> 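Quick one: the structure is below, questions incoming.
This one's a predicted model, so the numbers in the text were calculated from it and none came from an experiment. In what follows, chains carry the letters A, B, and so on, assigned in the order in which the sequence lines appear, proteins first and then strands, with residues in each chain numbered from 1.
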Amino acid sequence: MSTHDIFATLRARTVAILAELLPELPADSFARVQMEPPRDASHGDMATNAAMVVAKLAKLPPPKLAAQLAERLAALPEVAEAAPAGPGFVNLRLEEGFVRAQVASVLAAGERYGDSTLGGGLKVNLEYVSANPTGPMHVGHCRGAVVGDALANLLSKAGYAVTKEYYINDAGAQVQALAWASYWRYLQALLATPEGQALAAAGPASLRDFAASARDRADFESAFTVTLQYGGDYLVPVGQALVAQRGVALAPGADGQPTAAALAEIQATTVAMMMVDIRADLAALGVQQDVFTSELALVQAQAVSTAIATLSDKGLVYEGVLEPPKGKTPDDWEAREQTLFRSTQFGDDVDRPLRKSDGSNTYFANDIACHADKIARGEALLIDVWGADHGGYVKRMQAAVKALTDGKVPLDVVLCQIVRVMRNGEPVRMSKRAGTFVTLRDLLDDLAEMTGSQTAARDAVRFTMLTRKADAQMDFDLDKAVEQSRENPAFYVQYAHARCRSVLRTGGEPADLASAPLEALTDPAELALIRRIAAWPRTVEAAALAREPHRIAFFLHDLAGDFHVLWNKGREDATLRFIREDEPEATRARLALVAATATVIRSGLQVMGVEAVQEMR
RNA sequence: GGACCCGUAGCUCAGCUGGAUAGAGCGCUGCCCUCCGAAGGCAGAGGUCGAAGGUUCGAAUCCUUUCGGGUCCGCCA
């Protein structure tokens, strides 16, 4: 609930009246009563469905109840007119003074206008990005980063205590493969030094072979019977850093093999360096997370076996054999006994393996430990932002969290669909091998070149990523994202804010706007703008409840539209200009409205993580 | 074979958790700048909400079936 939300205010009045009219009804009868802006502005400022929702319980025909309700609502000081309509709506037209007072509310509250107590300080853990630390971030991670970050801001504004978390997948086969790739780069770097060359020349035959294999990827792979999944050049600096830090200490022993300790150290160093890059990329996107949890650390602390034991104590773990997937049996399928979790008891389609047939833990098991860790930290609501390719994973994770907490802690998952990067209307081909692999850094650099500013690039990406529902596929058009035209919502909103600032600068930035005579605001376009502003608090709450930060972008687009309309009316009709030399009081009132508009735009952009510009250049 | 997401105007998309005559931008059509707030503005046309059933006072929204598009389905993370 927001203290600024006039819809909530009138809804509360409505419920109070209903309780008086129908004293025999229990209090929870009114839960579904809504007070909303009507779709058609000709219906007034607000409409309530109260009569229709309560009619059946009250055993009254909706129109009759609506008429009674309207009569009582019309008597309220905030209400100018209340009329029953349609199948049982009550339409309200508000006193203009009450509407205008919202401008003063905004000026008094500043950017805290729209803050809500909806969350009640509930501890929420929001996990997003969590890109594998095996390389630079690519554009595929970008959407989740922006959506997650904006959602964090949104939930904070709505009164939740948000922890922003990054789960580092630094255990398992992927990072082991990464370590081998780093090892290769290390050997290459080592052989470029006199010490390395001396070692190769003096070493046993196996070591000399090594020197040869280090130069060639295929030779290296056959020498070690490994596949280099991560052949990219981005590990070259890692190899060099390893040489600089450790010299020949990680070089192969007499048997030509790296020691387990050496590989573990290389893995740790590589992951650490990748995380430095990833954090730099995130920072360039304006994303800063609070907690970075290491999967490896959880594994080493026995958190996984503890989590499995917890589930086992609840009788939810057994040894069993899964059916092969129907219709599409893998060629090499063979039935194997595994440790399984009874996720079907919690709505999943099949039970899921916690341990592979060789007894090692699955990623799922580790992820359960990660979520158990969050729960142990006292988080009361978990939200994960994942890529669409993890969609098949939602039910099992929700099942696990439900099992761990006996249903007390919900897990919401926000799935982000794929983003295609478009240039000149053509999709940019993505290929790691061909080097057209688009990293987040490349994307930001390109946009920075197009806009001449790192900040503008970041803001273009963040805004554009929020102009679609997360669960809809999206094309990210580089040219459109920085285009300065009405077609680009990011520009359109920024332009509105810049215009506001421009007007306020011209008007001399008066300090006493809070006392402005708002009754001077009488034009329909002015009142429409105020009504839009008044809808900001409920927009924040609805977006937070739905976990849909894109709604903020659409709200700002509408708000900017209302403001641009008013601006343009001033072109047609000079008496509607914001600043009028001959009317100082009307000017103050209009500047107050402009200041309130700017404040709400800034507040919305803040949720999106976009900087509000002072002027367009 | 199954699970999940998406099908809304010619195009790209909203639609406030079930409300009234389904909205916006682009495109299209028609008006509007010698100057004064045009990197534009105003107005208009354009939709059986993929299809068919069902639930109820009321469905783009919920349920079932079905047709398209996407993502995924033990021993990757």
> Between Y393(A) and H390(A), how do the two ring planes meet: parallel, tilted or perpendicular, split at 30° and 60°?
perpendicular
> For residues 470-487 of chain A, which residue pairs qualify under salt bridge (Lys or Arg N to Asp or Glu O under 4.0 Å), counting only residues two or more places apart or in two chains?
R420(A)-D475(A)
> With a 4.5 Å heavy-atom cut-off, do Q174(A) and Y363(A) have their side chains touching?
no
> For every nucleotide of nucleotides 9-17 of chain B, 5' to 3': is a protein heavy atom under 4.0 Å from its base (B), only from its sugar-phosphate (S), or from neither (-)?
---SSSSBB
> Can you check the D389(A) CG to rU71(B) P distance for me, whole Å?
10 Å
> Under 3.5 Å, which donor-acceptor pairs do the side chains of residues 530-540 of chain A form with other protein atoms, sequence neighbours left out?
residue : atom : partner : partner atom : Å
R531(A) : NE   : D45(A)  : OD1          : 2.3
R531(A) : NH2  : D45(A)  : OD1          : 3.2
R532(A) : NE   : D562(A) : OD2          : 2.5
R532(A) : NH2  : D562(A) : OD2          : 3.2
W536(A) : NE1  : Y113(A) : O            : 3.3
T539(A) : OG1  : A535(A) : O            : 2.7

> Expressed in angstrom and rounded to an integer, what is the separation of K480(A) atom NZ from rG25(B) atom P?
16 Å
> Going by the glycosidic torsion and a 90 degree boundary from 0, is the base of rU8(B) oriented syn or anti?
anti
> Write down the distance separating the P atoms in rA3(B) and rG46(B), rounded off to the nearest Å.
41 Å
> Is there a side-chain contact between V175(A) and T134(A) in this structure, where contact means two heavy atoms from C-beta onward sitting under 4.5 Å apart?
yes
> In whole angstroms, how far is the C1' atom of rC72(B) from the NZ atom of K395(A)?
12 Å
> As a quick check of understanding, evaluate side chain to side chain contact (heavy atoms under 4.5 Å, CB included) for Q417(A) and Q473(A), giving each step before the final call.
CA-CA 5 Å; Q417(A) 291 292 331; Q473(A) 288 162 247; 4.0 Å; yes
> Starting at atom CD of Q338(A), determine the distance to atom C1' of rC76(B), rounded to an integer number of angstrom.
14 Å
> Within the pair R577(A) and rC36(B), is there a side-chain N or O less than 4.0 Å away from OP1 or OP2?
no
> Assign rC35(B) to syn or anti; the rule is syn for a glycosidic angle within 90° of 0 and anti otherwise.
anti
> Report yes or no: is the ring centroid of H557(A) under 5.5 Å from the six-membered base ring centroid of rA24(B), with the two planes under 30 degrees?
no
> Expressed in whole Å, how much space separates the P atoms belonging to rC57(B) and rU12(B)?
39 Å
> N169(A) side chain: which of rA20(B), rA77(B), rG41(B) is closest?
rA77(B)
> Y393(A) near the nucleic acid: base, sugar-phosphate alone, or nothing, with a heavy-atom cut-off under 4.0 Å?
base
> Can you tell me how far P in rA24(B) sits from the matching atom in rC62(B), rounded to whole Å?
24 Å
> Given the P atoms of rA20(B) and rA60(B), what is the spacing between them in whole Å?
9 Å
> Using a cut-off of 4.0 Å on non-hydrogen atoms, how would the nucleic acid contact of A574(A) be classed: base, sugar-phosphate, or nothing?
nothing
> Relative to the 5' end of RNA chain B, which residue comes earlier, A173(A) or L576(A), by the nucleotide with the nearest heavy atom?
L576(A)
> When we call it a touch if two heavy atoms are under 4.0 Å apart, what does Q417(A) touch: a base, just sugar-phosphate, or nothing?
sugar-phosphate
> Among rC4(B), rG40(B), rG25(B), which is the nearest nucleotide to the side chain of L415(A)?
rC4(B)
> Between rU29(B) and rA9(B), how far apart are the C1' atoms? Round to whole Å, please.
16 Å
> Under the ring pair (Phe, Tyr, Trp, His ring centres under 6.0 Å) rule, what pairs show up with a residue in residues 468-491 of chain A, not counting sequence neighbours?
F491(A)-Y495(A)
> Which residues pass the ring-ring contact (aromatic ring centres under 6.0 Å, His included) test with Y318(A), sequence neighbours left out?
none
> Between rC28(B) and rC67(B), how far apart are the C1' atoms? Round to whole Å, please.
31 Å
> If we call it a pair only when both distances are under 3.5 Å in a Watson-Crick or G-U wobble match, what pairs with rG10(B)?
rC26(B)
> Does rA3(B) pair with anything, Watson-Crick or G-U wobble, both distances under 3.5 Å, and if so, with which nucleotide?
rU71(B)
> Name all residues meeting the ring-ring contact (aromatic ring centres under 6.0 Å, His included) criterion together with F578(A); count only those two or more places apart in sequence or in a different chain, and write none if there are none.
F563(A)
> Taking only the C1' atom of each, what is the distance from rG70(B) to rG74(B) in whole angstrom?
24 Å
> Here's a test for you: under side chain to side chain contact (heavy atoms under 4.5 Å, CB included), which of L118(A), I383(A), L381(A) qualifies with L155(A)?
I383(A)
> Under a 3.5 Å cut-off for both distances, is rU48(B) Watson-Crick or wobble paired, and to whom?
none
> Please evaluate the base of rA20(B) for a donor-acceptor partner in the side chain of N91(A) within a cut-off of under 3.5 Å?
yes
> Could you give the distance separating rG15(B) and rC6(B) at their C1' atoms, to the nearest angstrom?
15 Å
> To the nearest Å, give me how far apart CG (L298(A)) and C1' (rA77(B)) are.
15 Å
> Hey, does the side chain of R336(A) come within less than 4.0 Å of rC75(B)'s phosphate (OP1/OP2), counting only N and O?
no
> The side chain of Y495(A) is closest to which nucleotide in this list: rU71(B), rA77(B), rA39(B)?
rA39(B)
> Could you please name the option among rG58(B), rG25(B), rA20(B) that lies closest to any side-chain atom of R32(A)?
rG58(B)
> Can you run down the salt bridge (Lys or Arg N to Asp or Glu O under 4.0 Å) pairs that involve residues 337-354 of chain A, sequence neighbours left out, and say none if there aren't any?
D348(A)-R352(A), D349(A)-K395(A)
> Across all strands shown, which nucleotide pairs with rG19(B) by Watson-Crick or G-U wobble geometry, both distances under 3.5 Å?
rC57(B)
> Between D348(A) (CG) and rC73(B) (P), how many Å, whole number?
14 Å
> Who pairs with Y166(A) by ring-ring contact (aromatic ring centres under 6.0 Å, His included), at least two apart in sequence or on another chain?
F292(A)
> Rounded to whole Å, please give me the gap between CZ in R532(A) and C1' in rA24(B).
11 Å
> How would you label the contact of F7(A) with the nucleic acid (heavy atoms, under 4.0 Å): base, sugar-phosphate, or nothing?
nothing
> Quick check on RNA chain B: between T362(A) and V90(A), whose nearest nucleotide comes earlier from the 5' end?
V90(A)
> Identify whether any heavy atom of F491(A) sits under 4.0 Å from a base atom; if not, whether one sits that close to sugar-phosphate; answer base, sugar-phosphate or nothing.
nothing
> Base, sugar-phosphate or nothing for E323(A)? Non-hydrogen atoms, less than 4.0 Å.
nothing
> Could you check which residues of residues 51-62 of chain A get a heavy atom under 4.0 Å from RNA chain B? Sort them by number, please.
M52(A), K56(A)
> In whole Å, I'd like the distance from the CG atom of D367(A) to the C1' atom of rA77(B).
9 Å
> Within the 4.5 Å heavy-atom criterion, are L92(A) and T48(A) side-chain neighbours or not?
no
